[in-house]
2 protein chains.
Amino acid sequence: MGACKQQQNFCSYQNTDVFSKNAFQYLEGIMYPKKVETGQFLFLDHDTADKLFYLRKGQIKITKVTEEGKELVLYIFQEGDLIGELGVSSVSRYNYSAKATRNCDVGVIQQKDLETIIWQHGEVAVEFMKWMSNMHGITRSKFRDLMLYGKKGALCSTLIRLANSYGKMTSTGIALSQHFTNTDLAELIGTSRETVNRMLSQLKKEGIVTFEAGGMIKIIDLAYLKEACSCEDCPLEICRI
Amino acid sequence: MGACKQQQNFCSYQNTDVFSKNAFQYLEGIMYPKKVETGQFLFLDHDTADKLFYLRKGQIKITKVTEEGKELVLYIFQEGDLIGELGVSSVSRYNYSAKATRNCDVGVIQQKDLETIIWQHGEVAVEFMKWMSNMHGITRSKFRDLMLYGKKGALCSTLIRLANSYGKMTSTGIALSQHFTNTDLAELIGTSRETVNRMLSQLKKEGIVTFEAGGMIKIIDLAYLKEACSCEDCPLEICRI
DNA sequence: ATATAAGTGTGATTTAAATCACTTGAACGG
DNA sequence: CCGTTCAAGTGATTTAAATCACACTTATAT
């Protein structure tokens, strides 16, 4: 379990970093393994939400798709992240889908089993609340960024979040360790591919970002990006993708 | 504590409806009273988030304001609602403000006191999680509605939520029991007063809504509003303002 | 190596929404 | 009753972003 890997990554947090070793062992105890292949869904919109998922390996995108096929990516989860809801009422349903964008090893946690642990161990309950609070913080801060500062602000906010989740510090800037296509970014922002392309070209021209081998984005002027979305320097567990 | 007051209100839920009588008594035990007058703030953006608030009476708007003065209203809380975050880390801060839009009677709950109860009573922990999950659900569903269906969809979604929170069923439609100005609605949607005015006029012309005495909105054609924002009939605890 | 698909880059055009600039109306206090 | 303030309504204009259309580039697979 993470903690900020200083220098190596710009700063990569897993959302399970809120759990103590002790609490995490309880979770391990009730997990059973599952594999999900690239392109497959871990769960679908409207499925019964009676499980949590611990992502051991791979990548999961949480998406919401409209009837017309427009796709909004709400989160991208990585190794060490916990996925799902703790509705605690047995009848609640997901209102988004979870799609594997790489081959995944997942630990499945049954709601019922988790509830037992929460009942018995106050410590685990408190840590779960911290996790839930963080997740809500991510959603709320994205909401703010995507609503208030236009598409340019939305892109800049998203680049900062990507830097926090995928960035590696180098002497010349923060290099994203993964390639994101214009379409990927557009789906994170809720805009069109063309708009992303034009905005990125502009940022490149102004020397805010550069493109490395394989189209990987490197952030040169983080301060500019922060300015563009009135960054409030939220804690890193919230400022993520 | 609520439960759906059938017929009387269209359907008014409080977000504390997740708590059992028993759990709520524990909360009552650690609350101390506070009054907040109309226009005053219960807390400000960036204040330390070490308290929860139970709203006994009055109304609180949760808002986010940009440097340029643009205001986004995230939630409107009513009697019986619980306000705040359960970050559980003592250093977390609000990243929004809470403004009283009526004279309020509030019960203040100290984070520390609450944590003790959560530790001791698994039942309370589980109910708190349900509450947190609901709050997150509200945020997520608004995010979706405001991002994906344009300003028209955003307005229609907001009218549905207002109906759930303030609507009274009548023989001719759902009458909102409170007046909302064009500016109020604009701040809920993240748009301009003029745009709201034009969209509302249009809805009126098409017979979707009417204006009653005092400018109160009455919803005639709920199905139309649902269609406009691809309503998924979320549970009522989530489809609120 | 070459066909095929997937992604990028850009101009032109359309559409949605914000902004500006007023007018009208309603409500409130002295 | 009149001036002041706050909200509603609306035309004209500008700006932001989506959409359309297509050329070009880069991977990938047979």
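What you see is a predicted model, and the numbers here were worked out from it, not measured in a lab. Protein chains get the first letters and strands the later ones, always in sequence-line order, with residue 1 at the start of each.
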Rounded to the nearest Å, what distance is computed from the [atom1] atom of residue [X] to the [atom2] atom of nucleotide [N]?
X      : N      : atom1 : atom2 : value
B:L203 : D:dG9  : CG    : C1'   : 15 Å
A:L185 : C:dG7  : CG    : C1'   : 13 Å
A:F211 : D:dT26 : CZ    : P     : 13 Å
B:N182 : C:dG25 : CG    : C1'   : 13 Å
A:Q202 : C:dT8  : CD    : P     : 18 Å
B:K70  : D:dA16 : NZ    : C1'   : 12 Å
A:L200 : D:dA17 : CG    : C1'   : 16 Å
A:Y149 : D:dA16 : OH    : P     : 17 Å

Can A:D105 and A:K35 be counted as an ion pair, charged N to O under 4.0 angstrom?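 Salt bridge flag = yes for A:K35 with A:D105.
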Do B:E232 and A:K64 sit within salt-bridge range, that is, some charged N less than 4.0 Å from a carboxylate O?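 So B:E232 pairs with A:K64 through a salt bridge.
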About how many Å separate [atom2] of [Y] and [atom1] of [X], when rounded to the nearest 0.5 Å?
X      : Y      : atom1 : atom2 : answer
A:C156 : A:K151 : SG    : NZ    : 13.0 Å
B:R56  : B:C104 : CZ    : SG    : 12.5 Å
A:L203 : A:I220 : CG    : CD1   : 11.5 Å
B:L162 : B:C239 : CG    : SG    : 10.0 Å

Is A:H179 close enough to D:dT26 that one of its side-chain N or O atoms is under 4.0 Å from OP1 or OP2 there?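 For D:dT26, OP1/OP2 do not have a side-chain N/O of A:H179 under 4.0 Å.
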For B:H136, which of A:M132, A:E85, A:M135 qualifies under side-chain contact (heavy atoms from CB on, under 4.5 Å)?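 Single pass found, and it is A:M135.
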Touch class at under 4.0 angstrom, heavy-atom based, for A:G215 against every strand present: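 Counting heavy atoms under 4.0 Å across all strands, no contact is made by A:G215.
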Which listed nucleotide (D:dA7, C:dA18, C:dT8) is nearest to the side chain of A:T181?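 Between D:dA7, C:dA18, C:dT8, the one nearest the side chain of A:T181 would be C:dT8.
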Is the distance between the ring centroids of A:F53 and A:F43 less than 6.0 Å?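 Yes.
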Compute the ring centroids of A:Y166 and A:F180, then answer whether they are less than 6.0 Å apart.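 They qualify: ring centres under 6.0 Å apart.
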Near DNA chain C, counting only heavy atoms under 4.0 Å, which residues of residues 191-198 of chain B show up?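 DNA chain C contact set from residues 191-198 of chain B: B:T191, B:S192, B:E194, B:T195, B:R198.
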Difference in axis direction between the ends of the helix from C:dA1-D:dT30 to C:dG30-D:dC1, five pairs, 10°: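 It works out to 40° between the end axes.
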